[in-house]
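Structure, as structure tokens:
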Amino acid sequence: MANIISIVNQKGGVGKTTTTHNLGYALAEQDKNTLIMDLDPQMNLSNTVGIDCYAQKQSIYDVLKDKELPLGSVIKSSDHERMDIIPSAFELSGAEIEFTRRISSASLLSRSITNSIREEYDFIIIDCPPALGILTINALSASDYVIIPMQAEVYALYGIDMLLSTIEEIQEETNSDLKIMGVLITMHDGRLRLHKEMTEKINDYFKDKVFDTLIKTNTTLKEAQSNSKSIFEYDGRARGAKNYEALAREVIEICQTREVR
Ligand SMILES: Nc1ncnc2c1ncn2[C@@H]1O[C@H](COP(=O)(O)OP(=O)(O)OP(=O)(O)O)[C@@H](O)[C@H]1O
Ligand SMILES: [Mg+2]
């Protein structure tokens, strides 16, 4: 049964999409059948994987809207045989207005993830937009875990209360199984005193909920993205590849420990 993980932070540009893509690819490289899902109307993940969202006949938007339409019909394969993708759609930008008035508005995604989809994959990873709106709420309502990517910058912890209370509300109202898997520090530069200090603060705040793996700042990750490739395809020896490989190992271990308990 797939472990479903949402990548969430309402702050923009903290590495959500980079993490979804490269963690997804790293899991696939470690023989895990992985589905990555682009729930962000900015379409960054879909573009990075090289998919033209405008060319789709039906999309995740149609699946959310129409419960008769199976999620399987919008799954596309990627360059990795073990990694599939659900692309974004421009109509998702209207989701806030269109879906919010539905009674089941928070559960449109979870109802589409059938047991047979869950059995097909080991991991489903959802890239969320930089907002705590209806799309993120749908992702959290459908997930077993949330990963919160965060930069060790001055304002890193601003807004975190709101994110944590949204997660608590989801746990109380729609999904009691949701757990915080961890906070992932991204774009870290060990030479900067600020990054060291903020990393300590983040560790004090979240205690054992911070991943051991740090994603270091690595321009090769940016280059890979602009060439529509994962870091593993672009330059497997780059530091970013080693970091995301380590993260995938940590994620697999956390899921296995929880399963045994
Ligand atoms: N470890 C890293 N080192 C250097 N650059 C990085 C790293 N991680 C991400 N980036 C770059 O930072 C920018 C923001 O990353 P990304 O798009 O993954 O963030 P995001 O949280 O998904 O943004 P948004 O909130 O807009 O969806 C991108 O240009 C990406 O290439
Ligand atoms: Mg993004």
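Start at 1 and go down the list; that is how both ligands and their atoms are numbered.
Between Asn44 and ligand 1, no pair of N/O atoms sits closer than 3.5 Å. Of the N or O atoms in Ile215, none lie within a sub-3.5 Å distance of an N or O in ligand 1. The distance criterion of under 3.5 Å between nitrogen or oxygen atoms is met by Val14 with respect to ligand 1. Distances between N or O atoms of Gly13 and those of ligand 1 include at least one value under 3.5 Å. The distance criterion of under 3.5 Å between nitrogen or oxygen atoms is not met by Thr219 with respect to ligand 1.
Scanning Lys216, Gln225, Lys11, Glu223 for the heavy atom closest to atom 28 (C) of ligand 1 points to Gln225. By heavy-atom distance, the residue among Met150, His188, Arg239, Met187 lying nearest atom 6 (C) of ligand 1 is Met187. Of the listed residues (Lys222, Gln151, Lys16, Gln10), the one carrying the non-hydrogen atom nearest atom 21 (O) of ligand 1 is Lys16.
Cation-pi geometry between Lys229 and Tyr234 is not satisfied (NZ or CZ under 6.0 Å from the ring centre, within 45° of the ring normal).
Note that CG of Leu35 is 4.5 Å distant from CD1 of Ile86, once rounded to the nearest 0.5 Å.
Between the side chains of His80 and Glu233, not a single donor N or O lies within less than 3.5 Å of an accepting N or O. Of the N and O atoms on the side chains of Thr19 and Tyr244, at least one donor lies less than 3.5 Å from an acceptor on the other residue.
Annotation: atom 9 (C) of ligand 1 to nearest protein heavy atom, Thr18 OG1, 3.3 Å. Nearest protein heavy-atom neighbour of atom 17 (O) of ligand 1: Thr17 CB, 4.0 Å. With respect to atom 19 (O) of ligand 1, the closest heavy atom belonging to the protein is Gly15 N, 3.0 Å.
His195 pairs in a side chain to side chain donor-acceptor pair (under 3.5 Å) with only one of the listed residues (Lys216, Glu200, Glu153), which is Glu153.
Shown in contact with Gln42 at under 4.0 Å from a heavy atom are these atoms of ligand 1, numbered in order with element: 24 (P), 26 (O), 27 (O). Each of the atoms 25 (O) of ligand 1 lies under 4.0 Å from some heavy atom of Gly12. Near Asp40, meaning under 4.0 Å from any of its heavy atoms, are these atoms of ligand 1: 27 (O). Annotation for ligand 1: atoms under 4.0 Å from non-hydrogen atoms of Pro130 are 25 (O). If you number the atoms of ligand 1 from 1 as listed, the ones under 4.0 Å from a heavy atom of Asn218 come out as 2 (C), 3 (N), 4 (C).
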Check the pair Lys201, Glu197 against salt bridge (Lys or Arg N to Asp or Glu O under 4.0 Å), reporting the backbone distance first and the verdict last.
CA-CA 6 Å; Lys201 274 198 185 145; Glu197 285 172 5; over 6 Å; no
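Note on Glu98 versus Lys65: salt bridge recorded, some NZ/NE/NH1/NH2 to OD/OE distance being below 4.0 Å. Lys179 and Asp144 are not joined by a salt bridge, as no carboxylate oxygen comes within less than 4.0 angstrom of a charged side-chain nitrogen. A salt bridge does not link Arg249 to Glu253: none of the charged nitrogens lies less than 4.0 Å from a carboxylate oxygen.
Around atom NZ of Lys76, more than 12 heavy atoms belonging to other residues, nucleotides or ligands sit under 6.0 Å away. Enclosure of atom NZ in Lys209 by more than 12 non-hydrogen atoms of other residues, nucleotides or ligands within 6.0 angstrom is indicated.
Using a non-hydrogen distance threshold of 4.0 Å, Thr186 does not register as a contact of ligand 1.
Among the atoms of Thr17, an N, O or S atom falls under 2.8 Å from the Mg ion (ligand 2).
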